[in-house]
Amino acid sequence: MKTKIFVFLVIVAFCLSCDRPDRGNDCDPGSSSYNRKAPGNFSASDGEHNDYVEAKWTEIADADKYYIFRKEGSQNWIKIGESKESVFHDTAAINRVQYEYCVTALFSDKSNSDFSLPDGGFCDMRPPAKIAASDGTYPSSVQLSWEPVERAVSYAVQKREIDGEWKKLTDSAECSFNDTLVSNNVMYEYRVAAIFGNGQTGDLSLADTGYCAMPVPQIGCSRGSSVDTISVSWDVCGDADAFTVLRASAEDGNYYKLCDTTEYVYSDTAITKGIRYWYKVIAKKGDYVQSLSLPVWGCTKLAPPSNVTATRGIGDSEITISFSPVTNATRYRVYRLNDDASYLYCGESLTNSYTDSAEISELGNYISYSVSALTTDEESESIKSAVATGLALDQMVENGNSLVLNIIFNRIPSTNKQFLMGDSSIAPEAHYVTFKNDLWVSRAEMTVQQVKSLINRSFSENDYRFSKSFIDQISSCTDDLPAAYMSWFDAVLLCNLITEISYSDDSECCYLENGGTVFKKYPETSFTELEFKYEKLGYRLMTEAEWEFACKGGSTTAYYWGDADGDAVLYARYVSNSSSCSSPVMSYLPNNYGLYDMCGNVDEWCTDTYYDKYTSNSVYNDKAYVFMHSPISEYVLRGGSFNSSVSALQSVYRVNKDASGRSMTGVRLCRLIKANN
């Protein structure tokens, strides 16, 4: 009977332990049975670690140590290790293989507990997380970074161009890598895998894109170089293929897009004169690479003050200069025009009036002023206004004005002045000219109304006869336009007629016929030899040298306003702004001598016979060579007309026409000022 009971118990024990590990040599078969409670809360990690499986359980207080068992699939349980702690790392586990684990506690009496319930576990080779590639942060590299992977000894870095083939770059011992094998404006993808001590390589991370920074555009803005445009320009900026221009009203303001362009310059005309604007430029390559410039500001000039007048103040030591206010101007600067055509700064005013306390007696009767407007920005200062004289204009003999026709003259300070006449690129044999006397030069070209008045008087009071073509043409023109379509003969006839009317006789007339009689009749059938009397005080045409000196106004630039072609629209009526017609006189800004329309509107006759080159027979000192006799019958025209190109507005530009020829040709008067005059 005892034998049967023993056999039964053995069978039951076998059945109860059929899913438990065989104790093998580590569990004494003779020890007490599984009469102690198994370790609780047993668990094995599921892919939480890259190269081991972690087994954990609840510690048993009097346990001496623990045996850990493992099996794969249907294989037998095997003991894989022991631990005195309630945790064990299975470093022999193969990545991504599913195992089952259990544990038993061993005590000092060599007894052991029951086996824990088994739990599945595995180790994984997880990729690095949070990989990041720099997006245009660096000018010559892409920098990578990622989070460290537990127990990784290094990392394999791969890259490719978008949609290209992946290629291994290198192994990095750090959690970062600086890729210098890159091209500007090319987008790359990067991914990383961890390499472990056993030589195995983990999974590849997700990819991240990065690119080498495009150079930041270096931009510049014009400041006061134009009255209606701010020019924004920038450098080539790597291989950028497009740019976006942004603008704001303050450096830290809201920038909005002005335009997209493939050029390297942008002209902003939608602006308020004199106000500061801020600009940024974005350089772009394709749709994804871009860099943003630092902000730079620019501004235009203000419009110059208009309606400038200069009148005597209290006593002879004050002159009050007044003018119309300029929009956005916060202050005004007043300048005195010196005899050498330079400007002497007088002072500033916050209002549209300024009183100059200069000693007028020291300056004689020639004192003129110009005014500029500006904001808080110095660069916003406008070009100087028209010149205004500070003396009364009611004494004909002293100031040169023709009261008969209301023609106002400005005094040109030319006594003992020397200047370089001509330019070797336009007029060969340029040379220096020295003048002996000052001149009165009319502020504007003679108008249609003034010429009509003269022609009418010539028939009723004087014995002057103009060409029928000129009379017919002038009769149909608008009064405030410059008189045009006059021949050289008509022009000098006008000069003699005005002289005779102003002086009440013809003794000061400058153009005489052979034999000394005053030239009064247009030569309809034959040429007449004329003599020019330079020393006379009558009204006349300027010599070519006098004209160029008066036009330049002391400047040495290509144009009397400077070297910028674009500013011509402010000073001259020419082909770009004329619509093929002239404009009323004094519609544009004057030069430094206060002379209007010296360039553009209509060509102006000079006294001189035309020669291709300046020679001893053409211009010397301040006189002109005038000998009108066939075939030498062409005379100098200066200044260009409303049909001229901008290059023809240069101060040295000269053309010629037959003395009887006519087109867009007009007249500007002058009169000699002798030392005692």
Side-chain angles (χ1 to χ4, degrees), residues 47-51 95-96 123-219 234-246 252 255 257 260-262 264 280-295:
E48 297 173 10
H49 306 283
N50 284 295
D51 55 353
N95 291 95
R96 303 185 188 88
C123 64
D124 199 359
M125 303 182 71
R126 291 180 299 158
K130 296 183 179 180
I131 181 172
S134 59
D135 295 322
T137 309
Y138 305 97
S140 57
S141 67
V142 177
Q143 294 197 11
L144 306 175
S145 63
W146 54 88
E147 288 190 342
V149 173
E150 188 178 11
R151 296 179 183 267
V153 295
S154 62
Y155 300 90
V157 181
Q158 296 181 359
K159 85 167 181 180
R160 69 173 181 177
E161 293 187 22
I162 299 297
D163 298 328
E165 294 184 1
W166 287 102
K167 296 180 180 179
K168 182 178 179 180
L169 283 179
T170 186
D171 289 343
S172 174
E174 306 295 331
C175 294
S176 62
F177 178 72
N178 187 26
D179 182 13
T180 58
L181 301 176
V182 290
S183 298
N184 278 334
N185 313 317
V186 176
M187 186 69 76
Y188 298 97
E189 282 188 294
Y190 296 89
R191 60 187 185 183
V192 180
I195 301 174
F196 300 96
N198 57 9
Q200 290 183 311
T201 300
D203 290 340
L204 287 162
S205 68
L206 296 175
D208 187 44
T209 57
Y211 60 90
C212 175
M214 181 184 296
V216 174
Q218 302 298 311
I219 72 172
W234 51 92
D235 58 6
V236 175
C237 197
D239 59 352
D241 55 16
F243 303 91
T244 298
V245 183
L246 310 175
D252 56 354
Y255 287 80
K257 185 170 80 170
D260 289 314
T261 179
T262 58
Y264 297 96
K280 293 181 181 179
V281 173
I282 300 174
K284 299 186 290 186
K285 174 68 174 179
D287 295 329
Y288 49 84
V289 180
Q290 57 186 17
S291 62
L292 179 65
S293 74
L294 295 174

Below 4.5 Å, heavy atoms only, C-beta onward: do [X] and [Y] meet side chain to side chain?
| X | Y | value |
| --- | --- | --- |
| Asp208 | Tyr190 | no |
| Pro128 | Tyr155 | yes |
| Tyr211 | Val182 | no |
| Phe177 | Ser141 | no |
| Ser293 | Val216 | yes |

Roughly how far, to the nearest 0.5 Å, is [atom2] of [Y] from [atom1] of [X]?
| X | Y | atom1 | atom2 | answer |
| --- | --- | --- | --- | --- |
| Thr201 | Asp171 | OG1 | CG | 8.0 Å |
| Cys212 | Met187 | SG | CE | 11.5 Å |
| Ile282 | Tyr255 | CD1 | OH | 11.5 Å |
| Ser183 | Glu161 | OG | CD | 7.0 Å |
| Asp179 | Leu169 | CG | CG | 5.0 Å |
| Thr262 | Phe243 | OG1 | CZ | 8.5 Å |

Minimum heavy-atom distance [X]-[Y], with the two atoms named:
| X | Y | answer |
| --- | --- | --- |
| Ala193 | Leu204 | CB-CD2, 3.7 Å |
| Lys130 | Glu147 | CD-OE2, 3.0 Å |
| Leu292 | Pro217 | C-CD, 4.2 Å |
| Val245 | Trp234 | CG2-CH2, 3.7 Å |
| Trp146 | Ile131 | CB-CA, 4.0 Å |

Inset, instruction - Evaluate the criterion side-chain contact (heavy atoms from CB on, under 4.5 Å) for residue pair Leu144 and Lys159; output intermediate values, then yes/no. - result: CA-CA 11 Å; Leu144 306 175; Lys159 85 167 181 180; over 6 Å; no
Inset, instruction - Let me know which of Lys167, Arg191, Lys168 forms a side chain to side chain donor-acceptor pair (under 3.5 Å) with Gln158. - result: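 Filter result, single survivor: Arg191.
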